[in-house]
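Data first, discussion second: the structure below is written as C-alpha cells.
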Protein chains: 2
Amino acid sequence: MQEFCILNKPDARFYMSQELDRIDAALLNAVQRNNRLTSDELAELVNLSPTACHRRLKRLRAEGVIEADVSIVSPKAVGRQVTVIVLVSLERERADIIDRFKTAIRNTREVMIGYYVTGDADFILVVTAKDMEGYEEFTRRFFYENHDIKGFKTMVVMDRVKASFVLPIDV
Amino acid sequence: MQEFCILNKPDARFYMSQELDRIDAALLNAVQRNNRLTSDELAELVNLSPTACHRRLKRLRAEGVIEADVSIVSPKAVGRQVTVIVLVSLERERADIIDRFKTAIRNTREVMIGYYVTGDADFILVVTAKDMEGYEEFTRRFFYENHDIKGFKTMVVMDRVKASFVLPIDV
DNA sequence: TATGAAATTGCCACTTT
DNA sequence: AAAGTGGCAATTTCATA
C-alpha cells in the first residue's frame, strides 16, 4: 500500500525543495534530532496545531523526504569498541567489478556504510569491530581474499565529533 | 567533561554487553531499522508481551544503549544534491589545534560528521552541499581561511551503498 | 473534537539467586 | 527471602478521521 503511493506519485526526492516551506523545514529539523516528540510538542515548536503537524509529517514520510525512522545504538554498548574508516582502491574501475564490490559491502555486517567516490580512492567504508584483532580478522576475510582490490588504507577513529546525520535544512 | 559523566553515573556504554540478552539484541536490531514499530509489533517479533518489550526499550534508552531516536532525511529532498568526503591534515597534531578544529566542525552546518582519526589524515569529514559550487564556497570559507590546516583532499560521493548506521548486534 | 489505538503504570505471579 | 522480570488490566496520553 505504501508502495502504491510511491509508484503512483513520482518520488518527491528528486525534484523537491520548493515544495518544502518554512514549517516543513522546522519540523524536519526537529525530528532529525528526535523523532519521538509528540504532535503536541512539535506543534509548540513550530507554532501550528498538533493535527497539522501530524499531517505534514505523514506527508513527508509518504513522499520520501523522511527516508526512515530509526534508533541510534551506541556501538560501544553492543560490544563494538572499534570504528575504522577504510579507503579502498579497486584493481580497475569496471562496472561489473564495482557492482560486485557493492554487493560484498551489503553482505558484510561489519561494514556500516560504504561510499562509492571519485578521487584517490574508489570506496570509503565505515567499519566497526569488537577490537583491533577483530578488525584484522575482518581485513583478512574481506580484503585479502578479494582479487578485485588493489589496496586499502586503514584509519582508526579516535573520536567522532558530530554524532549523526543531521542535515541543515533551511528553505 | 565526557569523562565526568562516565565517572559519576556509571555509563552503560562501557561495561555493558553481557547485560544484553538475546531479546534485547532482537529489539535493538528491530528499532535500529524502524523505531516506529508499536510494542505489539515488537512483541510479535521477539515473542514477548508488549509491556515487557516496552519496558526493555525504556531501559535501553535510559542506559544509553539507545543513544537517540531520529528521522533520517533524504539529502536530495532538502536540496543537498552533493555529498563529499574530505580528508583533512592539520599543520601539527597539538591538542589545542585539534580541539579548535573540532569546535569548527561543530559550528559548521555543512559538516554532518567529523571523525578524528589516526593514519594518513587527521580528520575525515562528511560534508553536504547544494551543488559543487556550494561545496567550493564551503572550502573557501572552512579550509582556506583556517591556518591550522595543512591540506585537504576531496572525494565526491557518487553512491551510498549502505544507508544508515545499523550495527550488527548478536549476543 | 471525537474515536480508537498506543504508551504507561500498578499489581501480582513466577523464576533465579 | 530478595531481586528481577513477565503478564494482565486500568488509566492516561496520543494519533487520526
Side-chain angles (χ1 to χ4, degrees), chain A residues 1-9 12 19-74 77-79 169, chain B residues 9-74 77 169-171:
Chain A
M1 191 201 135
Q2 195 162 15
E3 274 82 3
F4 262 80
C5 301
I6 291 164
L7 291 176
N8 290 343
K9 322 178 213 171
E19 299 185 25
L20 296 177
D21 63 15
R22 208 165 289 103
I23 294 172
D24 289 327
L27 287 171
L28 290 172
N29 277 322
V31 297
Q32 251 190 328
R33 292 174 175 82
N34 180 5
N35 74 352
R36 306 185 83 226
L37 296 168
T38 64
S39 297
D40 283 8
E41 291 167 315
L42 289 167
E44 179 106 7
L45 278 176
V46 306
N47 285 318
L48 207 66
S49 79
T51 304
C53 289
H54 186 262
R55 258 202 305 266
R56 277 170 182 262
L57 282 172
K58 190 176 175 183
R59 200 200 74 219
L60 291 168
R61 290 197 168 97
E63 283 174 340
V65 176
I66 293 176
E67 291 181 348
D69 290 272
V70 304
S71 296
I72 305 293
V73 173
S74 158
V78 295
I169 302 172
Chain B
K9 355 170 191 170
D11 185 333
R13 276 170 287 181
F14 297 99
Y15 62 98
M16 261 254 154
S17 178
Q18 28 114 276
E19 299 185 24
L20 295 177
D21 63 14
R22 210 165 285 103
I23 295 173
D24 289 328
L27 287 171
L28 290 172
N29 277 322
V31 297
Q32 252 190 325
R33 292 173 175 81
N34 180 6
N35 74 353
R36 306 185 83 226
L37 295 169
T38 65
S39 296
D40 283 7
E41 290 167 315
L42 289 167
E44 179 107 7
L45 277 176
V46 305
N47 284 319
L48 208 67
S49 79
T51 307
C53 290
H54 183 262
R55 272 203 285 256
R56 276 170 180 263
L57 282 172
K58 189 176 175 183
R59 201 200 74 218
L60 292 168
R61 291 195 168 99
E63 283 174 340
V65 176
I66 293 176
E67 290 181 347
D69 290 271
V70 304
S71 296
I72 305 293
V73 172
S74 159
I169 300 172
D170 310 296
V171 178

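Quick note on labels: first sequence line is chain A, next is B, and so on, each numbered from 1. Everything numeric here is computed off the predicted structure, so don't read it as measured data.
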Just compare D:dG7, D:dC14, C:dA6 and give me whichever is closest to any side-chain atom of B:Asp40.
C:dA6

Rounded off to whole Å, could you give me the CG-to-P distance for the B:Leu42 and D:dG7 pair?
14 Å

CD/B:Glu44: more than 12 non-hydrogen atoms of other groups inside 6.0 Å
no

B:Glu63 atom CD is separated from D:dG4 atom C1', nearest whole Å, by 13 Å

Looking at C:dA7, I'd like to know if its phosphate oxygens (OP1 or OP2) sit under 4.0 Å from a side-chain N or O belonging to B:Ser39.
yes

Heavy-atom check, side chain of B:Leu37 versus side chain of B:Leu45, under 4.5 Å:
yes

To the nearest 0.5 Å, what is the distance between CD1 (B:Ile72) and CD (A:Glu67)?
7.5 Å

Does B:Lys58 put a side-chain nitrogen or oxygen below 4.0 Å from OP1 or OP2 of C:dT9?
yes

Between B:Arg36 and B:Ile23, the residue closer to the 5' end of DNA chain D by nearest nucleotide is B:Ile23

Gap between atoms CG and C1', on A:Asn35 and D:dA15 respectively (whole Å):
15 Å

Taking atom C1' of C:dT9 as reference, at what distance in whole Å does atom NE2 of B:His54 sit?
10 Å

Spacing of A:Glu44 atom CD relative to D:dC14 atom P, expressed in whole Å
13 Å

dist B:Asn35:CG -> B:Leu57:CG (nearest 0.5 Å) comes out at 9.5 Å

Sub-4.5 Å side-chain heavy-atom contact between A:Asp69 and B:Val70:
no

Which listed nucleotide (D:dG6, D:dG7, D:dC14) is nearest to the side chain of B:Arg56?
D:dG6

May I have the distance from B:Asp21 (atom CG) to C:dT16 (atom P), rounded to whole angstrom?
13 Å

Atom-pair distance (CD on B:Glu41; P on C:dA7), nearest Å
9 Å

Whole-Å gap separating P (C:dA5) and CG (B:Leu37)
18 Å

N/O donor-acceptor pair, side chain B:Arg55 with base D:dG7, under 3.5 angstrom
yes

At 4.0 Å (heavy atoms only), tell me whether B:Thr51 reaches a base, stays on the sugar-phosphate, or touches nothing.
base

